[in-house]
Protein chains: 2
Amino acid sequence: MKRSPNQGFTPRLSIRSVASRARVSIATVSRTINHVSTVNAVLAARVWKAVDELNYFPNSQARALVSGKSKLLGLIISEITNPFFPELIQEFEKVAVERGYEILIGSTNYEPKTMELCARRMFERQVDGVAIMTFGIEQFLLDRFASDDVPVIFIDIPSKHPRSDILSVDYRAGIWEGVQHLAALGHRKVAFISGPLQHRSAGARKSAFLDCIRCAGIKPNQKWLIEGNHTLEGGRDAMQKILALPDLPTAIMCSNDMTAIGVQHALFDASLKIPEDFSLIGFDDIHLAEYTIPPLTTVQMSCKDLAQAAMTSLLSRLQPRKDKVEPEEPITTRLVVRRTTGPPKAS
Amino acid sequence: MKRSPNQGFTPRLSIRSVASRARVSIATVSRTINHVSTVNAVLAARVWKAVDELNYFPNSQARALVSGKSKLLGLIISEITNPFFPELIQEFEKVAVERGYEILIGSTNYEPKTMELCARRMFERQVDGVAIMTFGIEQFLLDRFASDDVPVIFIDIPSKHPRSDILSVDYRAGIWEGVQHLAALGHRKVAFISGPLQHRSAGARKSAFLDCIRCAGIKPNQKWLIEGNHTLEGGRDAMQKILALPDLPTAIMCSNDMTAIGVQHALFDASLKIPEDFSLIGFDDIHLAEYTIPPLTTVQMSCKDLAQAAMTSLLSRLQPRKDKVEPEEPITTRLVVRRTTGPPKAS
DNA sequence: TAAACTCGTTGAAACGTTCTCCGAATCAGG
DNA sequence: CCTGATTCGGAGAACGTTTCAACGAGTTTA
């Protein structure tokens, strides 16, 4: 940056330009654009006119520097190429922009190393808050955010120690509906393709499934519990493993929709039909699920609700108001029946 | 922000803390962490030690304020829920983070209004550069960026006035391969479902198609030129319109893969088979295209190439080096044959 | 031996805001 | 018309950094 008296030209458009054009002090301009009520209406009008004519807008860096608030929010997700997350991002962005925030996105790709890098990026940009929408998070990262007084929201299963920065999801409800649906159709041999199990919430989905299966009076078969990785490839590979088994299940539940789509692909490749040969249930209800062939029966977790709950909670922590932070309702899940489930093949 | 002498406590971790701990001036600290070569090795070591012990990192707001560089890059896309864009974002993010930049994402949802809002957001955060990866952009927005000396990169068709801030895509090459492929299979009746035609590059894809069709000696039929909107729904609706026609085409080309997936859905609903009843070709080659049922034959536009070319060009404009900005090669496109094309039904 | 140069370090100004404090202006009541 | 209350505008410090100008200690030259 040039330090010379005036570096020649370019008297950069600043609050000062507005002040002089409106013939008021810079303080008055500042108060006007920050909607402080005590400012005289006549002057305010002059200020707004000047702002408009100059097409001025405040320098957010300077604002951030002095206020200590960057108006930046971090959003850490697992994998941006999994359509569930873009849908989530879209909701986040909407709410954030409405409230004057921008979003910094970090994609971990399921690697703890990358997760750490993302967290560091968030730190360096001094985000005002972070939403961690991955399937799990390391404790030490949470601690680090906490030690910097950065509010953090993350997803987890409902717990009896309701720390309000946890957004709890009731995975069981939807999975239970799914299992019941399958049982009602006559399925007794149900496989489950999980997500990467080192992630808490992937594990939570799997335990919910096992729990439900037992409640339905079905004894789970270890052979039919496959670990996937929440990707298309993972779903395909897992299904191929299942097909290689001597004793086949009649229905497959998946930890997310991408896995289910991978399964559909594997079955198509093997010339097997859904739902005639296998029933299939996904999880998430991404928009695409309605468009698979055949349309996917899946457990819906409203990412709209999720994003809004996360944002509400995050923002309420940023602007401490008198209204108490209400204990968050758990996010609910429910079955959406489409066309990948049917009675088991009479074998 | 409290203005009282010391607001009690919290002597915020700053470059000053490091300076006093390393027993040097803040200027020396600054030069050290910015890798200015003239700094004495002994002092540098002391500084790095202090940095490490305090776990210090510089405040990016302050940096941005004084340097005039926000190290923020804008990325404006059409629609984050179209999987093509997340794939693009992923590449962008990778390159950007490597170079110390963060990305601000704006999704226009094809609305000029929203596009304007996005541009404004970018302005307010004083991004150092913007990549506009939508299917078109208003001239006045480009002008505004230009008047603020913000480098802009956007996509367009190859033109004889190669302004280096245009990333040109050779849509024709891939579409030509697609048309030839169909013609070779015996198709003479080919429909095209375009994107929203107010967008330049959607229009470009359509003209490329018309051009290729004529070159292949086929007379295009106006009835088979449907305007879609690059979404699943748009593809489905367009296909339903086509199915209502008295004279049916035998093959469908789509302006993007999402449209093609919508077409597959409409055909599935109508109990029509691909490729037996209709051949289908998409555009983009999103990752999902390999996983549709049947796997989608499509024109590949490497979003990796696209993102990297965009970033390279953008970054080279940010750090003007001696090495001349090479004239960008147009991004190429090519056909990927999978299983949605076959000979036309003998009617 | 003093002057002229280097080299490396430091103090201080500047970036564009916000916000506190204080002085000036306005107004109502006596 | 004067006093006290009230309201509003302006000067200036502070935020955390970068970088310029200046300075001090060595080193070389006259």
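First the proteins, then the strands, lettered A, B, ... as listed; each starts at 1. As a basis for the values below, the full set of heavy atoms in this structure was taken, side chains included, without hydrogen atoms, waters or symmetry mates.
Phosphate contact (OP1/OP2 of C:dT18, side-chain N/O of A:Asn34, threshold under 4.0 Å): present. Contact annotation: B:Tyr56 side-chain N/O to D:dT17 OP1/OP2 distance is under 4.0 Å. Close to D:dT18, at under 4.0 Å from its OP1 or OP2, lies a side-chain N or O of B:Arg63.
Atom CD in A:Gln61 sits roughly 15 Å away from atom C1' in D:dT18 (whole-Å rounding). Regarding A:Ile15, its CD1 atom lies at a distance of 14 Å from the P atom of C:dC15, rounded to whole Å. Atom NZ of B:Lys69 and atom P of C:dG16 are 13 Å apart (whole Å). Straight-line distance from the NE2 atom of A:His35 to the P atom of C:dT17: 16 Å, rounded to whole Å. Rounded to whole angstrom, the span from the CG atom of A:Leu65 across to the C1' atom of C:dG16 amounts to 9 Å. Nucleotide D:dT18 holds its C1' atom 13 Å from the CG atom of B:Asn59, rounded to whole Å.
With sequence neighbours left out, the salt bridge (charged side-chain N to carboxylate O under 4.0 Å, His left out) criterion links B:Lys49 to B:Glu53.
Residue B:Ser17 is tested with B:Leu54, B:Val51, B:Val29 for a side chain to side chain contact (heavy atoms under 4.5 Å, CB included); the sole match is B:Leu54.
Classification of B:Arg120 and B:Glu124 as a salt-bridged pair holds, one side-chain N sitting under 4.0 Å from a carboxylate O.
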Give me the distances for all protein-to-nucleotides 4-10 of chain C N/O pairs that come in under 3.5 Å?
residue: C:dT9; atom: OP2; partner: B:Asn40; partner atom: N; Å: 3.0
residue: C:dT10; atom: OP2; partner: B:Ser25; partner atom: N; Å: 3.1
residue: C:dT10; atom: OP2; partner: B:Ser25; partner atom: OG; Å: 3.1
residue: C:dT10; atom: OP2; partner: B:Thr28; partner atom: OG1; Å: 2.5

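Residues A:Ser30 and A:Asn34 approach most closely at O-ND2, 2.8 Å, considering heavy atoms. The minimum heavy-atom distance between B:Pro151 and B:Leu314, with the atom names listed, is O-CD1, 3.9 Å.
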